[in-house]
Amino acid sequence: MLLERIANILELKGENTFRINSYRKAARVIGDLTDDIEEIAKARKLTDIPGIGEGTAEKIIEYINTGKMAKYEEIKKGISEETVALMQIPGLGPKTVAMLSRELGIVGLADLENALREGKLKGLFGIGEKKIENIIKGIELFKTSQQRISIGMAYPIVKRIITGLQHNSQIADIQAAGSLRRMKETVGDIDILVSGANGADIVKAFVAMPGVTQVLASGDTKGSVRVEECVQVDLRVVSQDEFGSALQYFTGSKEHNIHLREIAKKKGFKISEYGIFQGDKKVGGTFEDEIYKMLGMDWIPPELRENRGEIEAAQEGKLPKLIEFSDIKGDLHNHSNWSDGIPTFEEMAAYAMKMDYHYLAVSDHSKSLHVANGLKEEELLEEIEEIDRLNKTFKRFTLLKSTEVDIKADGALDFSDKLLEKLDVVVASIHSGFKQGKDKITGRMVAAIHNPYVNIIAHPTGRLISKRAGYEVDMDKVIEACLETGTALEINCYYDRLDLNDINCRKAKEAGVVVAISTDAHHLDQMWMMELGVGIARRGCWKPKMY
DNA sequence: GCCGTTTTCGGCCCGACTGTTTTCAGTCG
């Protein structure tokens, strides 16, 4: 995003911080849009977007018309991308990078490492022994730092740690915070907050837990470790009367907190991780909701805390009552051992009943998907018979006859309508021809949506978090077709898919399209991932009953 | 650069930590 790049370069140039933040904010709100930016520009409504003023609107229009931004072309002169990237090294900020570039002509990481080796940093203004040591450590950290991981990987780690610690008698409250609590699809590190009297003891117990591979810090109020899964987990200990405000603070997002503090300030309050204050007097902090209440708004569910309008909605008492895991009555996309799954029908049904579900779809792959042991027509017919037989043995529970039918590269479905008609739920999805152009892929999907027997389009974009970008699909056209036919789009809960993502999910909701939250489980112990999908749906503002 | 119950100028979130320029700037979350 060009606006973000402008912000980075301006930062390096030591421009006014507030101007830099304006560019960052503009870049972010545009990234969060569910509507097409060009459409908004055409309707001359860019400045209606909070954070976009006259100046930025002009630049966006210029970019749409010419593919360039004069401002960017102007400021990037003489500054290399490599130099801008140096700011990502922990401990190196814009001031230091600019100084190193000015004094030593350092352009990129290679230059910096050479200069360090040759001892050139010594004696520079503001650089001492310690600073040099920290830059070296920072480079190391930068090189080995992990990408953000899927929330589906982080979630079980948190559950394990919380389960392991909650019996500790010193701990009063324990709760995950950060982007994990907000159910963001990826998390950088994991933040866990506890309240308790003896911080040092709690931290000691934390760093000694099984699964810890490296202790990064262990103090009286904070412990930091790396666990087997190569993720950093931070534990912070606060007193009980600070737990609410600390939870609010550490949950974020940063943008949400900044906006909240602006409002607090205007109302004569000050909020920090230690509490909410009126003058010097602490007026709250034990419970998170009291902070929101004192600021004259409803408590905001963590999943919505991204500064995308949730604060205004809370002020007006217009926050939706979001869907919860307990609202889920079944799962419409699962695989059995008849194709590439592990469990038998009986095991699936028993597990679903234990989860308090009323129904569960058996949606094994179709014949073309050989790698996943796709079912042939006669096998699907057998499967139908077997499920019918089993259903007679259940009370208040139904296994639904289903398939995950392939939308083949030529756009045809892998099973005939005559066969699909015999099923309770038809899930259709793309597993081939990923590299086709946008029109072709969209055409295939729209054709499937128009098939009268297709109920759900699974993993609509095909992306795999941190692994595969997904095929090119025109989501607006897909949504339009779904709206026309009543076909549902899936929120695939599988941890590395989470597809639809939160933005597309909200887009679907705003359009009035139905979504199905399904796990695509191939194993019983993947069925918990429904919780992830519910999180995405909550971020997409879905209520329990839309219709 | 944005924005307005402080409304067209003058603000713009809060606190901790670190290292060094010894009174505070830079960086981070």
Side-chain angles (χ1 to χ4, degrees), chain A residues 3-4 6-7 9-12 14-30 46-60 69 71-72 75 86-100 121-135 137-138 141-142 145 177-179 182 187-191 193 217 219-222 224 232 234 236 238 242 245-246 248-277 285 291 295-296 307 311-312 315:
Chain A
L3 292 169
E4 181 68 36
I6 291 178
I9 295 174
L10 291 180
E11 193 169 34
L12 199 55
E15 263 273 7
N16 178 301
T17 352
F18 302 111
R19 178 172 295 163
I20 295 164
N21 283 339
S22 290
Y23 278 108
R24 286 239 157 87
K25 188 176 178 187
R28 213 185 66 88
V29 294
I30 291 168
L46 284 172
T47 51
D48 288 359
I49 304 169
I52 310 282
E54 290 293 335
T56 311
E58 267 175 39
K59 291 184 184 74
I60 294 168
M69 248 181 230
K71 173 87 179 176
Y72 175 65
I75 61 166
L86 285 178
M87 291 194 292
Q88 287 170 24
I89 295 170
L92 276 190
K95 303 288 176 194
T96 316
V97 172
M99 192 271 291
L100 291 174
L121 268 67
K122 258 179 216 157
L124 285 177
F125 187 75
I127 304 272
E129 289 285 323
K130 274 281 188 184
K131 186 83 184 173
I132 292 174
E133 216 172 280
N134 283 340
I135 293 174
K137 271 189 205 158
L141 205 66
F142 173 72
S145 75
S179 45
R182 302 201 311 278
V187 300
D189 55 15
I190 296 171
D191 291 307
L193 187 69
D220 292 345
T221 59
K222 185 183 163 182
S224 190
Q232 183 174 329
D234 293 340
R236 289 164 204 274
V238 298
E242 290 167 349
S245 46
Q248 196 289 318
Y249 173 80
F250 286 114
T251 298
S253 66
K254 191 177 165 192
E255 290 79 9
H256 172 91
N257 284 357
I258 289 174
H259 192 172
L260 208 63
R261 282 179 216 158
E262 281 166 0
I263 290 170
K265 199 171 175 183
K266 278 181 193 148
K267 288 182 181 277
F269 292 100
K270 187 187 71 173
I271 47 179
S272 72
E273 56 265 52
Y274 302 108
I276 176 160
F277 301 86
I291 293 164
L295 297 178
N307 198 27
I311 291 178
E312 290 74 13
Q315 285 175 317

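Sequence lines set the chain letters: A, B, ... in the order given, protein chains first and strands last, and positions in each chain run from 1.
- Comparing the same atom, C1', in B/dG1 and in B/dT5 gives a spacing of 23 Å after rounding to whole Å.
- Rounded to whole Å, the P atom of B/dT27 lies 13 Å from the corresponding atom of B/dT20.
- For the OP1/OP2 pair of B/dG15 and a distance below 4.0 Å, the side-chain nitrogens and oxygens of A/K270 include at least one atom meeting the criterion.
- At a cut-off of 3.5 angstrom, counting only N and O atoms as typed in the model, there is no donor on one side facing an acceptor on the other between the side-chain of A/Y274 and the base of B/dG15.
- Here A/Y72 pairs with A/L2, A/R5, A/I6, A/I9, A/M69, A/K76, A/E81 under the side-chain contact (heavy atoms from CB on, under 4.5 Å) rule; sequence neighbours left out.
- Residues A/N257 and A/Q248 have side chains in contact (heavy-atom distance under 4.5 Å, counting atoms from C-beta outward).
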Protein heavy-atom contacts under 4.0 Å, written 5' to 3' over nucleotides 1-8 of chain B as B (base), S (sugar-phosphate only) or - (none), form the string BSS-----
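- Side-chain contact between A/N21 and A/K25 is absent, with no heavy atoms from C-beta onward closer than 4.5 Å.
- Here the separation of B/dC9 from B/dC14, taken at their C1' atoms, is 25 Å to the nearest Å.
- Straight-line distance between the C1' atoms of B/dT23 and B/dC17: roughly 16 Å, to the nearest whole Å.
- If you check B/dT8 for Watson-Crick or wobble pairing at under 3.5 angstrom, you find it has no partner at all.
- Remark: P of B/dT21 and CD1 of A/I127 are 9 Å apart, rounded to the nearest angstrom.
- Annotation: salt bridge (Lys or Arg N to Asp or Glu O under 4.0 Å) contacts of A/E242 (sequence neighbours excluded): none.
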Between the protein and nucleotides 23-26 of chain B, are there any N/O to N/O pairs under 3.5 Å, and if so, what are the atom names and distances?
none

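- Each of A/S272 and A/F125 was assigned the nucleotide of DNA chain B with the nearest heavy atom; the assignment lying further toward the 5' end belongs to A/S272.
- Contact annotation for A/L260: no contact, since no heavy-atom pair falls under 4.0 Å across all strands.
- Listed by chain and number, the residues in a side-chain contact (heavy atoms from CB on, under 4.5 Å) with A/T221 amount to none (sequence neighbours excluded).
- In terms of the salt bridge (Lys or Arg N to Asp or Glu O under 4.0 Å) criterion, A/R236 has no residue partners (sequence neighbours excluded).
- Comparing A/G128 and A/D191, the nucleotide of DNA chain B nearest to each residue sits closer to the 5' end for A/G128.
- At a cut-off of 3.5 Å, with distance as the only test, no side-chain donor of A/E54 or A/T47 sits close to an acceptor on the other residue.
- With sequence neighbours left out, the side-chain contact (heavy atoms from CB on, under 4.5 Å) criterion links A/V97 to A/L12, A/T83, A/L86, A/M87, A/L92.
- Taking atom P on both nucleotides, B/dT22 is separated from B/dG29 by 27 Å, rounded to a whole Å.
- The interatomic distance linking A/K254 (NZ) with B/dC28 (P) rounds to 10 Å, in whole Å.
- Following rounding to the nearest Å, A/F250 (CZ) and B/dC28 (P) show an atom-to-atom distance of 17 Å.
- The gap from the C1' atom of B/dG10 to that of B/dG15 amounts to 25 Å, rounded to the nearest Å.
- Atom CE in A/M99 sits about 11 Å away from atom P in B/dT20, given to the nearest Å.
- Remark: A/E273 engages no residue in a salt bridge (Lys or Arg N to Asp or Glu O under 4.0 Å) (not counting sequence neighbours).
- In this structure, A/K130 atom NZ and B/dT27 atom P are separated by 18 Å, rounded to whole Å.
- Between the C1' atoms of B/dG11 and B/dT6, the separation comes to 9 Å (whole Å).
- Between A/K137 atom NZ and B/dT18 atom P there is a gap of 11 Å when expressed in whole angstrom units.
- One atom, CD of A/Q248, and another, P of B/dG15, lie 13 Å apart when rounded to the nearest Å.
- Every residue two or more places apart in sequence or in another chain that forms a salt bridge (Lys or Arg N to Asp or Glu O under 4.0 Å) with A/E15 is listed here: A/R19.
- Contact annotation for A/N134: backbone-only contact, meaning every heavy-atom pair under 4.0 Å involves sugar-phosphate atoms and none involves a base.
- Note: CD (A/E133) to C1' (B/dC17) measures 16 Å, nearest angstrom.
- The two residues A/S245 and A/S272 come nearest to each other via the heavy atoms CB-O, 3.6 Å.
- Rounded to whole Å, the P atom of B/dC12 lies 28 Å from the corresponding atom of B/dT18.
- Contact annotation for A/I89: backbone-only contact, meaning every heavy-atom pair under 4.0 Å involves sugar-phosphate atoms and none involves a base.
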